[in-house]
Amino acid sequence: MAFVSPRLRHKLIELYHEYVDPGDRMRRNALMSTFIIADYSGKFPDQFNDPFIKKKVDHNGHVDPAYVERITHLAECLFYMSDEPTFGVAIRRLLERDVRPVFFELSATGFFKRRGFRVTLNEETGIKGKDFDFIVQAPAGTLINVEVSEFLSQTFSKKALNNKLLSKRKQVPPDDPAILFLHVPSSWYDLNDISFYLMKTTFEFFRRSKRYNAVIFQVEICGNAGEGFFWLIHLEPIMNPSPRHPIDTGFMFESNVDLLPRELKLVQESKETRQLFFEEMVLKGGSKDDRPEFVKWIRDQLS
């Protein structure tokens, strides 16, 4: 069970009742998340001095909603990891490294924690085949090695993707199932056929390597839609048809956990279709609380 100190709980209740309208979901989550990050790490988000989680305020005094969503997601993933013996490794990485890569690594751990997996973060070894990010244990006991990496180039390149996949081929040991998370820029999804290119290049990689059971492409999507704002982490899993160590991969396709309704189809549609979907979502009430356990905990603390 995730842990937050009683001292923090009392402070949050005090601030919440003083400053936050109970119906203001964004300010509620921002307040809770800011203090959760501070309680775990000893630093408030602004004290990291990192552009990835830097608070931006417009001329009307409105906080950038992307900032709120990022720190909420970061707090959520720390919340889920806080009951793991290697939680200290996560905090050390957050304090010692750039926030961006640690954010997406923790996002990957959250993917598994929400599905009932245990997560063990690896210490760095510098040894190929042992220097991957973490190990997860499925509820049924299966162990899976997980590596997380990212692309910074805003322009999609099949050659660069192929080189990245090949560079990760021996990152994990050969004697257990493995999954590779690759975070890619949202600009890649401006290409109408991006899902086809990702799948084609990944299947070419799978023909050369049986070590990974799946590659999961991860993208942060955010922007304005009509009068509102949307933010989500989209996950696109591509399965190896003949991995060295087969496992049940049904957990990757559970609905209503990471993916919004219809989202699995969005990446196969045009940019204009995706925009219409997000505008429709905002008109129906904005981005919903898709963090059920975390949001329930927040509400319980404030009740």
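Bear in mind the structure is a predicted one, so any value in this text is a computation, not a measurement.
Every ring pair (Phe, Tyr, Trp, His ring centres under 6.0 Å) that F44 has, sequence neighbours left out, goes to F35. Here R92 pairs with E123 under the side-chain hydrogen bond (donor to acceptor under 3.5 Å, both in side chains) rule; sequence neighbours left out. The side chain to side chain contact (heavy atoms under 4.5 Å, CB included) check on D64 picks up K56, A66, Y67, with sequence neighbours excluded. Remark: R118 engages E84, P85, K113, Q137 in a side chain to side chain contact (heavy atoms under 4.5 Å, CB included) (not counting sequence neighbours). D98 meets the side chain to side chain contact (heavy atoms under 4.5 Å, CB included) test with D50, P101; sequence neighbours excluded. In this structure, F205 has no ring pair (Phe, Tyr, Trp, His ring centres under 6.0 Å) partners at least two apart in sequence or on a different chain. Among residues two or more places apart in sequence or in another chain, the salt bridge (charged side-chain N to carboxylate O under 4.0 Å, His left out) test is passed with K55 by none. Checked against side chain to side chain contact (heavy atoms under 4.5 Å, CB included), P139 has the following partners two or more places apart in sequence or in another chain: F117. Remark: K54 engages no residue in a salt bridge (charged side-chain N to carboxylate O under 4.0 Å, His left out) (not counting sequence neighbours).
Two residues are said to be in side-chain contact when any heavy atoms from C-beta on lie closer than 4.5 Å; R208 and L165 fail this criterion. Taking 4.5 Å as the limit, every side-chain heavy atom of F111 sits out of range of all side-chain heavy atoms of Y80. L94 places none of its side-chain heavy atoms less than 4.5 Å from the side chain of Y40. A heavy-atom distance below 4.5 Å is found between the side chains of F156 and L198.
In terms of modelled atom types and a separation under 3.5 Å, the side chain of R70 and the main chain of F52 share a donor-acceptor contact. Formation of a donor-acceptor pair under 3.5 Å by the S82 side chain with backbone atoms of F79 is found in this model.
Atom CG of D176 sits about 10.5 Å away from atom CD1 of I247, to the nearest 0.5 Å. The distance from the CG atom of L180 to the CD atom of Q171 is 9.0 Å, given to the nearest 0.5 Å. Note that the CG atom of D39 and the CE atom of M32 stand 10.5 Å from one another [nearest 0.5 Å]. Between atom CE of residue M239 and atom CZ of residue F203 there is a gap of 9.5 Å, rounded to the nearest 0.5 Å. In this structure, NE2 in H183 is found 14.0 Å from CD1 in I216, a value given to the nearest 0.5 Å. Here the straight-line distance linking atom CD of Q47 with atom CG of L95 works out to 11.0 Å at 0.5 Å rounding.
Nearest heavy-atom pair, G110 versus C77, reported as atom, atom and distance to 0.1 Å: CA-SG, 4.3 Å. For the residue pair P246 and N213, the shortest heavy atom distance occurs at CA-ND2, 3.9 Å. Contact record, I53 with D46: O-OD1, 4.2 Å, taken as the closest heavy-atom pair. Annotation for S242 and N240: closest pair N-OD1, 3.0 Å, computed over non-hydrogen atoms. Between V119 and F134, the shortest heavy-atom distance links the atoms CG1-CD1, 3.8 Å. Q218 approaches S107 most closely through the heavy-atom pair NE2-OG, 3.3 Å.
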Could you please spell out the steps behind the side-chain contact (heavy atoms from CB on, under 4.5 Å) verdict for I37 and F48? CA-CA 11 Å; I37 292 169; F48 283 85; 4.1 Å; yes
From CA spacing to verdict: side-chain contact (heavy atoms from CB on, under 4.5 Å), F217, L161: CA-CA 11 Å; F217 290 95; L161 175 57; 3.9 Å; yes
Working note: K200 + E204, criterion salt bridge (charged side-chain N to carboxylate O under 4.0 Å, His left out); need CA distance, chi angles, decisive distance, verdict. CA-CA 6 Å; K200 184 176 185 293; E204 290 171 357; 2.8 Å; yes
Run the numbers on H234 and Y189 for side-chain contact (heavy atoms from CB on, under 4.5 Å), then give the verdict. CA-CA 11 Å; H234 168 74; Y189 281 77; 4.2 Å; yes
What's the verdict on side-chain contact (heavy atoms from CB on, under 4.5 Å) for I233 and F103, showing C-alpha distance, side-chain angles and the deciding distance? CA-CA 12 Å; I233 299 267; F103 176 91; 4.3 Å; yes
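The list of salt bridge (charged side-chain N to carboxylate O under 4.0 Å, His left out) pairs with a residue in residues 178-187, not counting sequence neighbours, is empty. Legend: salt bridge (charged side-chain N to carboxylate O under 4.0 Å, His left out) pairs involving residues 240-250, not counting sequence neighbours: none detected.
The aromatic ring centroids of F181 and F104 lie 6.0 Å or more from each other.
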Would you list the atom pairs, donor with acceptor, under 3.5 Å between side chains in residues 141-155 and any protein atom, with sequence neighbours excluded?
{"unit_1": "E147", "atom_1": "OE1", "unit_2": "D133", "atom_2": "N", "d": "3.3"}
{"unit_1": "E147", "atom_1": "OE2", "unit_2": "K168", "atom_2": "NZ", "d": "2.9"}
{"unit_1": "S149", "atom_1": "OG", "unit_2": "K164", "atom_2": "NZ", "d": "3.1"}
{"unit_1": "E150", "atom_1": "OE1", "unit_2": "R100", "atom_2": "NE", "d": "2.8"}
{"unit_1": "E150", "atom_1": "OE1", "unit_2": "R100", "atom_2": "NH2", "d": "3.4"}
{"unit_1": "S153", "atom_1": "OG", "unit_2": "T155", "atom_2": "N", "d": "3.3"}
{"unit_1": "S153", "atom_1": "OG", "unit_2": "T155", "atom_2": "O", "d": "3.3"}
{"unit_1": "Q154", "atom_1": "OE1", "unit_2": "S187", "atom_2": "OG", "d": "3.1"}
{"unit_1": "Q154", "atom_1": "NE2", "unit_2": "L152", "atom_2": "O", "d": "3.4"}

